[in-house]
Protein chains: 2
Amino acid sequence: MIKCIRCCHVHAITKSGIVRGKQRYYCKDCNIYFTLPDVSAADMRQHKKHMTTIVDIAKALNISKSTVSRALHEHSDINPQTRTAVQEMARRLDYQPNLLAKSLVKSKSNTIGIIVPEFLTYFFPTIIMGAQQVAAQAGYNVIICQSQESYQTEVANANVLLANRVDGVLISMTKETRKFDHFKAFEKHGIPVVFFNRVCDEMHTSKVLVNDYEGALKATEHLIKNGYRNIAHIAGPPALLITRNRLSGYRDALEKYKLPFQKELIVHCDLSKKDAIRSAKQLLSMKNRPDAVFCVNDPVAIQLMLVAKKLKITIPSELGIVGFSNEPSGEVIDPALTTVEQPVADIGRSAADILLKAIRQAEDYVPEMKSLQTTLIVRASSGGIGRRNKR
Amino acid sequence: MIKCIRCCHVHAITKSGIVRGKQRYYCKDCNIYFTLPDVSAADMRQHKKHMTTIVDIAKALNISKSTVSRALHEHSDINPQTRTAVQEMARRLDYQPNLLAKSLVKSKSNTIGIIVPEFLTYFFPTIIMGAQQVAAQAGYNVIICQSQESYQTEVANANVLLANRVDGVLISMTKETRKFDHFKAFEKHGIPVVFFNRVCDEMHTSKVLVNDYEGALKATEHLIKNGYRNIAHIAGPPALLITRNRLSGYRDALEKYKLPFQKELIVHCDLSKKDAIRSAKQLLSMKNRPDAVFCVNDPVAIQLMLVAKKLKITIPSELGIVGFSNEPSGEVIDPALTTVEQPVADIGRSAADILLKAIRQAEDYVPEMKSLQTTLIVRASSGGIGRRNKR
DNA sequence: ATGAAAGCGCTAACAA
DNA sequence: TTGTTAGCGCTTTCAT
């Protein structure tokens, strides 16, 4: 069975003549001709090539390696001629500085570590992307670790980063982390730490969060302005900070408009799909059914919408809905979901910015706390009470 | 303005007495009391601590550092007593081996690099997650690079990885890459490379792909079996491999069931939302309108569905739709979208597996090509011609 | 302006 | 079983 060298498939291959004594093949999908490459072990062995070092350059030019080092770094005291000669030779020998060696002698790895609980949703990858961009721009590499929501793994992650002598660390804790010695180890060695999203109270370091409170306030206010009066809230697990802050924003919005805060209109949900459906059903089957719901996040809002549809409750005329986080699904569902957008990539960028500043300033650095702003995205699901869903 | 040390917000803070001469605050959102930490620069300076090395342990125990090294590595010839003594001391001094130094002497960094074109969709993060899991399990770190679909950035990325002496590299090329010297540089130094998703024909290395052809075949076959006869295809940009392979699967399915291949039922789309809408309109306004469409991916399928809804074309009774890639939105839309699922995380896992094997086997390694299987996920959007969308 | 030498923290061959 | 020594590739005094 011959595989196409491009698409790796077998089904579209036909023989197509002989070339230089070798069978030639054709893949009709990829529209390319090819012969099977013959790499002998000998060929491979050739590869195992020594990488050129400053010593190689020094020998080739018959000068000392210190001179080479200086020439490569645009040092002040260096003969322009030798400098160009060295740089030319470096190019010719295809020199790549060994950053490991440099890191060792400088005690600086130009690497930052990131510890995140997971990598499954779009949330953390996006944050990492943002952080990576900023880091790369400043010449830093990023080592990523997943704690898998396990305290033990998180401790192991921290040790890996420590052993790799990262210059700084970005952390979002697991939900089960209660001891912080593995974080304090960084501080002890002067390695700055910035927490984001899931922050650690006990550590006096920089933190980056999203202004959940304000987002929730704006969302609820929007519902009120659109005429809804009996507004419920599907909240998250009470233990989470976001839950408290979003609930708090919801509560204060009601207060601001002199609407009564009704305890029975708050339903806590563990964020699973199943429990979201349960919460939705609970709210929608109340005798005094709410005319709008502010949901702790978009997936919950979407489940609520699906339940409402099944119960033939019209959105937004009979039920206004607002979510939180602006997930792609919200745009597609009908009616489209009003939501609070969080600047996810900015969390990563800000955290990395702050971390780099901390690395540069070293002792003089003063920890800072940053709270990023949210944006209300108005779509059809909160169009107004009594109004028909247009389209 | 006092910020809560947990939530970084200002709005819920109240003063709450004095403790040890310092003002105490209370955050009613977080329900915690706190005083402002006072870290003087002096406090921080203390931190900048020397990390213990094997020499420190050696001195403390009055033995040589080689003995320490051996004890720490469970070397064969070592007195059990000294071994435990060393390990105990290592623990007490909080020893963390310096992996940079180790890498330098062993010429092995225990790090693999990944170069991906972007990080915005869920596709590449998921692959990276899979690769990272496998790597971490084997004690490898992962350095990630984004080429941003730019050839030049990709070259820079390759140099970064080279300079960091990674032990192997995972690559998905940019769409503008036409020269491959920066990849060949890895080979030249015996650093194994595995391509995934966007592979490079010119390099005789391992490759991991998804069986797009078979996925498309199954999808189209499914439509045929459900009674659709006039099946169109919204394809991707002709330059992409996935476009050709999915088109090829579509074509062969028609052939298998002796249905005519009609050129006018193929519409190419650049995958942007705008062009997806254009393609959808083009197909649905034909005199001889297709009764089903196999779409090159889910976002395109979703746009098609939205256009069809607007035109009051009933899905699936008047129009069957199948997408590709199983994105979350497909589950939420009504009717739910039938799609071909790709094992995204498996791509990363497989690629990393193959790479680690290549690293271990070094010269003896023979490049391999892997094509991962797809799964058809049947939902309502392809429910059958003339049938009503249930629910 | 350049070279010699020490050392970053570690491993490993060779002695003892 | 343990110590001695020589590097890995680089930077950085200190001489010259």
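In this text, all values refer to a predicted model and were calculated from it rather than measured experimentally. Values below: all heavy atoms of this structure, side chains included; hydrogens, waters and symmetry mates excluded. By convention in this document, chain letters (A, B, ...) are assigned in the order of the sequence lines, proteins followed by strands, and residues within each chain are numbered from 1.
- Nucleic acid contact for B/L100: none, since no nucleic acid atom lies under 4.0 Å from a heavy atom of the residue.
- A/D77 comes within 4.0 angstrom of a nucleotide base, judged by non-hydrogen atoms across all strands.
- Taking CG of B/D56 as the reference point, atom NE2 of B/H50 lies at 3.5 Å (rounded to 0.5 Å).
- Looking at heavy-atom distances under 4.0 Å, B/I78 makes contact with sugar-phosphate atoms alone, never a base.
- Side chain of B/K65, nearest nucleotide from C/dT11, C/dT2, D/dC10: C/dT11.
- Residue B/T67 places its side chain closer to D/dT2 than to any other of D/dT2, C/dG3, D/dC10.
- What separates CG of A/N62 from P of C/dT2 is a distance of 13 Å, to the nearest Å.
- Counting to the nearest Å, the P atom of D/dT11 and the CG atom of A/N110 are 12 Å from each other.
- As rounded to whole Å, 15 Å separates atom C1' of D/dC10 from atom CE of A/M51.
- Which of D/dC10, C/dT2, D/dT11 sits closest to the side chain of A/H73 comes down to D/dT11.
- In this structure, B/T53 reaches the sugar-phosphate backbone alone: every heavy-atom distance under 4.0 Å involves primed, P, OP1 or OP2 atoms, never a base.
- Atom CD1 of B/I54 is separated from atom P of C/dC8 by 12 Å (rounded to the nearest Å).
- Checked by distance alone, A/S69 brings no side-chain donor or acceptor within 3.5 Å of a matching partner on the base of D/dT12.
- With C/dA13, C/dC10, D/dT11 as the choices, the nucleotide that has an atom nearest any side-chain atom of A/V105 turns out to be D/dT11.
- Ion pair B/R198/B/E149 flagged as a salt bridge, since at least one NZ, NE, NH1 or NH2 atom sits closer than 4.0 Å to an Asp/Glu carboxylate oxygen.
- Note: NE2 (B/H50) to C1' (C/dC8) measures 11 Å, nearest angstrom.
- Contacts of B/S103 with the nucleic acid, taken as non-hydrogen atoms under 4.0 Å apart, are absent.
- Rounded to 10 degrees, the angle separating the terminal helix axes of the helix from C/dA1-D/dT16 to C/dA16-D/dT1, each built from five base pairs, is 40°.
- A/Q148 places no side-chain N or O within 3.5 Å of a backbone atom of A/T153 that could act as its donor or acceptor partner.
- Nearest to the side-chain atoms of B/N79 among the listed nucleotides D/dT1, C/dT2, C/dA6 stands D/dT1.
- Residue A/T82 places at least one side-chain N or O under 4.0 Å from the OP1 or OP2 atom of C/dT2.
- Judged by distance alone, the side chains of B/Q152 and B/E176 never bring a donor and an acceptor atom under 3.5 Å apart.
- Under the 3.5 Å distance criterion, the side-chain polar atoms of A/S103 are matched with a main-chain donor or acceptor of A/L99.
- If you check D/dT11, D/dG9, D/dT12 against the side chain of A/S66, the one that comes closest is D/dT12.
- When the P atom of D/dT12 is taken as reference, atom CG of A/L72 falls 13 Å away, rounded to whole Å.
- Atoms CZ (B/R70) and C1' (D/dT5) sit 12 Å apart, rounded to a whole Å.
- A heavy-atom distance below 4.5 Å is found between the side chains of B/M173 and B/F183.
- Per the geometry, NE2 belonging to A/H75 stands 14 Å off P belonging to C/dG3, to the nearest Å.
- A donor and an acceptor atom never sit less than 3.5 Å apart when one is taken from the side chain of B/R165 and the other from the base of D/dG9.
- Counting only heavy atoms from C-beta outward, the side chains of B/R165 and B/T111 never approach each other to under 4.5 Å.
- Residues A/K179 and A/E202 form no side-chain contact, since every pair of their non-hydrogen atoms from C-beta on lies 4.5 Å or further apart.
- Remark: A/K106 is in phosphate contact with D/dT12, judged by side-chain N or O atoms under 4.0 Å from OP1 or OP2.
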